[in-house]
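To keep things clear, I will list the structure first and then write my remarks on it.
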Protein chains: 2
Amino acid sequence: MAPVKISIIGAGSAVFSMRLVNDLCKTKGLSGSLVSLMDIDEQRLNGVYELAVRYVKELGADLRFEKTTSLETSLHEADFVINTALVGGHAYLDKVREIGERYGYYRGIDAQELNMVTDYCTITNFNQLKFFVDLARMMERICPNAWLLQTANPVFEGTNLISRCSKIKVVGFCHGHHGVIEMAEALNLDERKLDWQVAGFNHAIWLNRFFYDGEDGYELLDRWIEGGNLEGWKPRNPFDVQMSPAAIDMYRFYGMMPIGDTVRNGTWYYNKDFETKKRWYGEPWGGPDSEEGWKWYQKQLKTTTDAIAYLSANRSLKLLSLNTYLKFLPEGTVPKEMMREAEIFSSPDKLSGEQHIPFIDSLVNGNVRRFVINVPNEGYIEGIPDGVFVEVPAVVDKDGWHVERIEPKLSEKVLKFYLWPRMLRMEWALYAIMNGDKSALIEFLMRDPRTNSLEQAEGVIEEILGLEENQKMRLHYEKGMKL
Amino acid sequence: MAPVKISIIGAGSAVFSMRLVNDLCKTKGLSGSLVSLMDIDEQRLNGVYELAVRYVKELGADLRFEKTTSLETSLHEADFVINTALVGGHAYLDKVREIGERYGYYRGIDAQELNMVTDYCTITNFNQLKFFVDLARMMERICPNAWLLQTANPVFEGTNLISRCSKIKVVGFCHGHHGVIEMAEALNLDERKLDWQVAGFNHAIWLNRFFYDGEDGYELLDRWIEGGNLEGWKPRNPFDVQMSPAAIDMYRFYGMMPIGDTVRNGTWYYNKDFETKKRWYGEPWGGPDSEEGWKWYQKQLKTTTDAIAYLSANRSLKLLSLNTYLKFLPEGTVPKEMMREAEIFSSPDKLSGEQHIPFIDSLVNGNVRRFVINVPNEGYIEGIPDGVFVEVPAVVDKDGWHVERIEPKLSEKVLKFYLWPRMLRMEWALYAIMNGDKSALIEFLMRDPRTNSLEQAEGVIEEILGLEENQKMRLHYEKGMKL
């Protein structure tokens with residue numbers, strides 16, 4: 001048992017925080033730990049704090065909490081810092097997206113070739129990227145030996161940026177690889193008999209290894225496709241795209257299956273407009289990143305926030321009882337996803353599926369486990385420069401991570417037609433922000449197939465720089481400031 | 001004195017062949033060498049042979065010739081093979097360009113982002129690229145120790161392709177770096193006081209070092225720009241683009257000056273249509289790669305071919321007399337470029353400026369000289385993978401080439417916004433041809449900003465594959481044949 005201090009930045013994101021608390025309560029080796037909940041939204045922070053304390057009490061777990069709106073306070077003596085904050089919130093994303101659309105950029109200027117995930121902003125959310133760097137540098141000062149577990153998007157740009165701007169140990173986290181399990185379910189395979197690997201970048205991972213009970217899993221996939229399952233395929237929700245026509249089309253071209261959010265990050269021709277998205281990501285939503293899909297997601301978020309508020313306000317409710325969760329919503333209206341969460345929370349031993357707490361446990365207590373994490377390349381993926389963060393399977397113990405040998409290698413097409421172009425866009429974004437170079441931002445957009453003129457690219461950038469929220473961004477680019 | 005056998009493949013290209021003959025005659029150390037003129041066009045071959053023999057006789061030089069339409073005969077006992085052949089000739093390029101334009105690709109589908117040079121075909125001229133490989137493999141069999149001096153375009157794709165498909169020693173040649181001298185002339189600088197370096201890929205080189213008499217040459221360039229020279233700038237011919245608005249715009253963005261053909265290889269927004277090209281490359285031609293510029297070039301070629309035919313048919317004409325060249329064209333109509341050639345030919349010691357013969361002399365006789373050549377990267381340009389061919393300054397002696405330390409390094413913007421994207425397109429082209437993968441060809445086009453639909457990209461590729469000249473190409477891609 002080795003108690004640690006874990007600081008959660010952006011802890012007002014209740015579901016995510018409660019998942020971590022859930023996992024902590026159920027991880028014996030981290031008993032006695034201190035969780036620092038940090039958020040600038042005091043109301044949401046109080047709600048989460050209240051819930052967390054009650055939850056721990058009900059479970060009879062040994063966990064202490066502090067809540068603070070001060071980053072410095074939270075970082076004080078932290079061993080692990082989990083950054084999940086979205087600076088500016090969804091309101092800012094909505095605003096810049098609307099500006100982008102006025103200039104002819106459907107779903108906004110951040111909806112870039114091979115990077116179409118709506119809240120994965122690499123161009124417009126300067127404040128978010130800048131915060132990543134500020135946080136890492138503050139850690140250098142306050143808790144220089146702590147680990148930074150980067151969870152907030154964009155994880156790919158973020159981890160690379162942090163590692164280039166600070167000496168803090170940073171690892172990127174995502175759960176995109178769960179797509180392998182979704183795929184196994186679709187193919188009716190028993191998860192326990194799978195032998196799989198994924199590799200690539202965050203939101204850009206590919207199933208390089210796929211065996212089932214000794215058999216070539218790709219043959220099973222081919223049979224699924226040939227059996228007409230693609231034609232009959234319908235998404236259960238906007239995020240259910242693992243077996244979508246887009247995914248299968250990518251598989252056909254790249255020779256390997258895109259996993260998880262990678263499917264959302266296809267080419268422009270899956271994402272040209274709503275009608276096109278529906279064709280590739282299924283009716284009626286056209287995937288999570290269309291106007292309809294994102295509306296669904298926002299609604300889902302709202303339902304969850306309301307649920308959290310309700311639970312938090314009604315202190316007599318038992319958090320460990322599944323009934324509690326069913327009661328405050330009319331029967332039949334509880335979204336499946338929320339039911340899954342409720343089942344986990346109300347169980348005495350189920351973990352959330354987030355990797356953060358098991359990762360910390362492996363590192364602190366040496367409980368060896370397999371993860372899929374974002375770490376600097378060191379020859380793991382051939383053809384990708386060392387130092388660039390790759391998302392790869394790794395075993396973690398007290399000595400840190402041990403990346404598995406990626407076998408078989410990623411296909412040449414994945415490398416040359418997907419990872420490299422994706423990496424280039426990361427490099428362009430980082431060049432722009434690290435050098436305060438507005439011309440680089442504009443050139444980035446000039447390489448976007450939706451751009452028809454210099455005026456269009458300059459116009460949209462100027463309007464975004466003119467937003468009140470972007471005063472720092474404007475100054476940064478006007479003065480050509482370095483990061 | 002070390003006589004060698006030099007095989008010129010595509011020797012019917014008279015001016016180029018005569019330049020090499022000129023240089024050979026004036027290079028003492030290669031006296032007694034055998035030049036094998038090889039071309040499949042017998043008529044042109046005879047013309048060149050006739051001229052070459054007469055020229056050598058007039059100069060009293062010691063040089064032997066053979067002419068052949070057989071590649072195998074030409075390669076027999078060759079020490080150096082200079083490949084300058086354009087398979088299919090200009091007629092084929094015109095034909096595929098016309099098809100491309102019908103599908104909405106101005107100047108054809110090979111006119112790609114950062115690769116707009118009209119005869120630098122990386123997608124459609126399968127026969128050309130395939131010939132590169134066939135030639136190299138035939139060399140492996142017939143003259144395995146010979147050097148292949150790759151001159152025919154595309155030099156970048158070609159050298160990389162050859163090196164991946166054979167073990168033949170290959171070096172790429174171009175004279176694009178002469179743009180440095182053009183620039184010096186524009187700035188009124190004495191060439192002898194320059195300290196310069198260029199680095200990059202073929203047709204993608206950048207002036208990383210530029211000092212004049214100890215001073216920072218870039219300050220002189222800035223003064224030239226500030227002095228209003230850009231506004232007053234007019235091209236003297238379509239190829240005169242070194243100081244064009246496009247070049248200066250690239251300099252402003254990349255922080256280094258693009259040199260030679262690099263200027264032609266700007267972004268799509270310099271090259272959108274004829275009007276746009278005129279704005280960036282000057283009136284009235286809009287650079288060499290517009291319809292007007294290319295027409296000018298074709299006319300120029302025709303004049304030269306006629307001149308060669310005339311000289312070849314009139315055996316009594318003295319080749320060493322400048323007067324000869326002036327006589328057969330009405331006064332005042334002799335193009336400046338042809339005058340320059342004539343001056344060189346008619347002089348007893350002037351070299352052509354092509355690097356091939358001096359390179360051979362340096363290698364064979366150890367006469368140390370500086371070149372700008374295309375060789376596999378070995379850390380010369382940081383950030384570019386080893387093995388990829390880079391165009392860099394190198395000193396050559398009996399031991400081979402010694403690449404200069406590239407100092408200062410290329411700017412980060414050159415690397416990330418120019419060389420990498422350009423390299424990616426090379427990789428896409430090579431992937432497609434080396435794997436006979438039609439979907440890769442189509443995807444290549446899907447990444448072209450001019451493509452609006454899959455149907456457009458598929459349509460143009462199918463029509464080009466359907467050409468009679470492309471039977472081998474069609475078969476290659478239908479059967480998924482490897483190279």
Side-chain angles (χ1 to χ4, degrees), chain A residues 113-114 249-250 252-255 266-270 272 276 279-280 382-388 411-432 434-435 437-458, chain B residues 113-114 249-250 252-255 266-270 272 276 279-280 382-388 411-432 434-435 437-458:
Chain A
E113 181 72 351
L114 315 185
D249 192 60
M250 289 168 90
R252 282 180 177 139
F253 180 75
Y254 291 101
T267 163
W268 66 265
Y269 64 88
Y270 304 152
K272 214 177 165 184
T276 311
R279 199 153 55 240
W280 290 102
E382 238 176 74
I384 297 298
D386 279 355
V388 168
S411 76
E412 221 181 314
K413 270 172 137 173
V414 163
L415 206 64
K416 293 181 176 172
F417 286 85
Y418 197 97
L419 293 183
W420 276 62
R422 178 65 188 88
M423 180 174 71
L424 263 187
R425 284 182 166 76
M426 176 276 285
E427 293 291 354
W428 297 344
L430 263 54
Y431 182 88
M434 288 177 70
N435 295 281
D437 186 333
K438 193 161 75 178
S439 73
L441 277 192
I442 291 164
E443 185 62 28
F444 194 154
L445 271 196
M446 293 306 288
R447 313 272 173 120
D448 184 312
R450 300 168 299 180
T451 301
N452 294 311
S453 71
L454 192 57
E455 293 66 34
Q456 180 191 6
E458 285 176 342
Chain B
E113 180 74 351
L114 314 184
D249 192 59
M250 288 167 90
R252 282 180 178 138
F253 180 74
Y254 291 101
T267 164
W268 65 266
Y269 64 88
Y270 303 152
K272 213 179 165 183
T276 311
R279 198 152 57 240
W280 290 102
E382 238 176 74
I384 298 298
D386 279 356
V388 168
S411 76
E412 220 180 316
K413 271 173 135 173
V414 163
L415 207 63
K416 293 180 175 172
F417 286 85
Y418 197 96
L419 293 184
W420 278 28
R422 177 66 188 88
M423 180 173 70
L424 262 188
R425 283 182 167 77
M426 177 276 286
E427 293 290 353
W428 297 345
L430 263 55
Y431 182 87
M434 288 177 71
N435 295 282
D437 187 333
K438 192 161 75 178
S439 73
L441 277 191
I442 291 163
E443 185 63 28
F444 193 154
L445 272 195
M446 292 306 288
R447 312 274 172 116
D448 184 313
R450 300 169 298 180
T451 301
N452 294 312
S453 72
L454 191 58
E455 292 67 35
Q456 181 191 5
E458 286 175 341

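- Taking the ring centre of Tyr418(B) as origin, the terminal cationic atom of Lys413(B) falls outside the region bounded by 6.0 Å and 45° from the ring axis.
- Per-residue heavy-atom pair counts under 4.5 Å with chain A were compared for Arg450(B), Met446(B), Glu412(B), and the maximum is reached by Met446(B).
- The contact between Asp437(B) and chain A is made entirely by side chain atoms (from C-beta outward), counting heavy-atom distances below 4.5 Å.
- Gln456(A) pairs by the side chain to side chain contact (heavy atoms under 4.5 Å, CB included) definition with Tyr105(A), Thr451(A), Asn452(A), Ser453(A), not counting sequence neighbours.
- Taking the six-membered ring for Trp, Phe417(B) and Phe253(B) have ring centres closer than 6.0 Å.
- Arg447(A) meets the salt bridge (charged side-chain N to carboxylate O under 4.0 Å, His left out) test with Glu443(A); sequence neighbours excluded.
- Ranked by heavy-atom pairs under 4.5 Å with chain A, the list Pro421(B), Pro449(B), Pro385(B) is led by Pro421(B).
- Heavy atoms of Tyr269(A) lying under 4.5 Å from chain B belong exclusively to its side chain.
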